[in-house]
Amino acid sequence: MMDKKQVKKVLEILHQNYPDAECELNYSTPFELMVATILSAQCTDVRVNKVTAELFKEYNKPEDYLSLSESELGEKIRSTGFYRNKSRHILESARILYNEYGSELPQTREELMKLPGVGRKTANVILSNAFKKNAIAVDTHVFRVSNRIGIVNESDVFKTELSLMEQIDESSWSLSHNLLVLHGRRVCKARNPLCEECDVKKYCLYYNGTV
DNA sequence: AACTCGGGGCA
DNA sequence: TGCCCAGAGTT
């Protein structure tokens with residue numbers, strides 16, 4: 001496993017490759033970020049962006065969802081997949097936020113994870129991205145890329161989250177999440193990763209161990 | 001830990 | 001046609 005100095009070097013290289021990383025998940029309100037992140041489960045980013053761009057024109061606050069039925073919202077978000085579950089979760093969460101939180105999102109992980117459809121990953125995205133709480137969200141990209149390179153060596157996403165917090169300075173947790181996601185999407189793909197055009201391959205355990 | 005939800009894009 | 005994608009909930 002890499003030491004912190006090597007990790008920092010890898011992240012610096014990735015940052016040079018992805019200067020747009022800060023702009024990821026830049027929704028205008030925490031509620032919009034929550035909805036978009038719920039929609040993102042097992043769905044590509046371009047489709048989520050396409051759906052939210054249309055949806056948020058009329059439905060961008062919890063109260064906007066109170067009069068929607070599950071099937072009505074389901075049709076609007078159909079193309080993101082799992083739309084019946086997502087529709088139910090979004091409507092239930094909107095109702096809870098309206099009734100119990102004055103339409104504002106809570107800022108603790110415990111309260112966020114009580115909202116239907118909000119798991120640990122989504123809660124951490126909201127904390128780090130909307131509230132700057134310095135959480136680090138581990139999705140499939142972050143899990144795969146950080147373990148391949150050797151930034152961490154863990155068997156599940158929760159342990160990966162804890163190890164990443166040890167390996168990365170707190171001030172760059174949020175940025176590092178975005179860098180690892182972008183690298184996972186564009187280069188370090190789940191299947192057929194583009195190792196030859198990867199700029200951190202010289203540091204990568206996966207590349208140096210298997211190729 | 002395994003299973004289910006799911007439409008759309010791509011080979 | 002078959003495979004895969006910004007996860008979460010239930011058992």
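Labels below follow one simple rule: chain letters A, B, ... track the order of the sequence lines, proteins then strands, and each chain is numbered from 1. As a basis for the values below, the full set of heavy atoms in this structure was taken, side chains included, without hydrogen atoms, waters or symmetry mates.
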Practice item. Assess the side chains of A/Thr52 and A/Glu32: does a donor N or O sit below 3.5 Å from an acceptor N or O? Key: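 Checked: A/Thr52/A/Glu32 side chains show no N/O donor-acceptor pair below 3.5 Å.
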
Point to revise | Residue pair A/His183 / A/Arg186, side-chain donor-acceptor N/O under 3.5 Å | key: no

Practice item. Indicate yes or no: does A/Lys201 engage A/Glu196 in a salt bridge with an N to O separation below 4.0 Å. Key: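 Here A/Lys201 pairs with A/Glu196 in a salt bridge, since their nearest N and O are under 4.0 Å apart.
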
Review point. Should A/Glu111 and A/Lys114 count as an ion pair when the cut-off is N to O under 4.0 Å?
Key: no

Contact class for [X] (heavy atom, under 4.0 Å): base, sugar-phosphate, or nothing?
X        : result
A/Ser79  : sugar-phosphate
A/Gly81  : base
A/Leu33  : nothing
A/Asn49  : base
A/Thr122 : sugar-phosphate
A/Val46  : nothing
A/Ala190 : sugar-phosphate

**Study point:** Distance below 4.0 Å between A/Thr140 side-chain N/O and C/dG7 OP1 or OP2
**Key:** yes

**Study point:** Short side-chain N/O contact to C/dC4 OP1/OP2 from A/Arg191, under 4.0 Å
**Key:**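 For A/Arg191, the contact criterion (side-chain N or O under 4.0 Å from OP1 or OP2 of C/dC4) is met.
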
Review point. Relative to the 5' end of DNA chain C, which residue comes earlier, A/Lys189 or A/Leu115, by the nucleotide with the nearest heavy atom?
Key: A/Lys189

Exercise for review: Using the closest heavy atom to pick a nucleotide of DNA chain C for each, name whichever of A/His89 or A/Thr44 lands nearer the 5' end.
Suggested key: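 Comparing both residues, the 5'-ward one is A/Thr44.
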
Distance, rounded to the nearest Å, where [X] contributes [atom1] and [N] contributes [atom2]:
X        : N      : atom1 : atom2 : value
A/Asn192 : B/dC10 : CG    : P     : 16 Å
A/Leu39  : B/dG8  : CG    : P     : 14 Å
A/Glu70  : B/dC5  : CD    : P     : 16 Å
A/Arg185 : B/dC10 : CZ    : P     : 15 Å
A/Phe82  : C/dC4  : CZ    : P     : 14 Å
A/Glu32  : C/dA6  : CD    : C1'   : 17 Å
A/Lys76  : B/dG7  : NZ    : P     : 18 Å
A/Gln42  : B/dG7  : CD    : C1'   : 12 Å

[M] and [N], which share atom name [atom1], separated by this distance in whole Å:
N      : M     : atom1 : value
B/dA11 : C/dA6 : P     : 16 Å
C/dA8  : B/dG8 : P     : 22 Å
C/dC4  : B/dC5 : C1'   : 15 Å

Exercise for review: Could you pull out the closest heavy-atom pair between A/Lys202 and A/Asn208, with the gap in Å?
Suggested key: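 Residues A/Lys202 and A/Asn208, closest heavy atoms: O-ND2, 3.5 Å.
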
**Study point:** Hphob cluster co-occupancy, A/Val7 + A/Leu182, side-chain heavy atoms under 4.5 angstrom
**Key:** yes

**Study point:** Under 3.5 Å donor-acceptor pair, A/Arg120 side-chain atoms to C/dA8 base atoms
**Key:**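 It does not, because no donor-acceptor pair links the side chain of A/Arg120 to the base of C/dA8 below 3.5 Å.
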
Check your understanding: Any idea which of B/dG7, B/dG6, C/dA6 is nearest the A/Arg47 side chain?
Key ->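 Nucleotide nearest to A/Arg47's side chain: B/dG7.
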
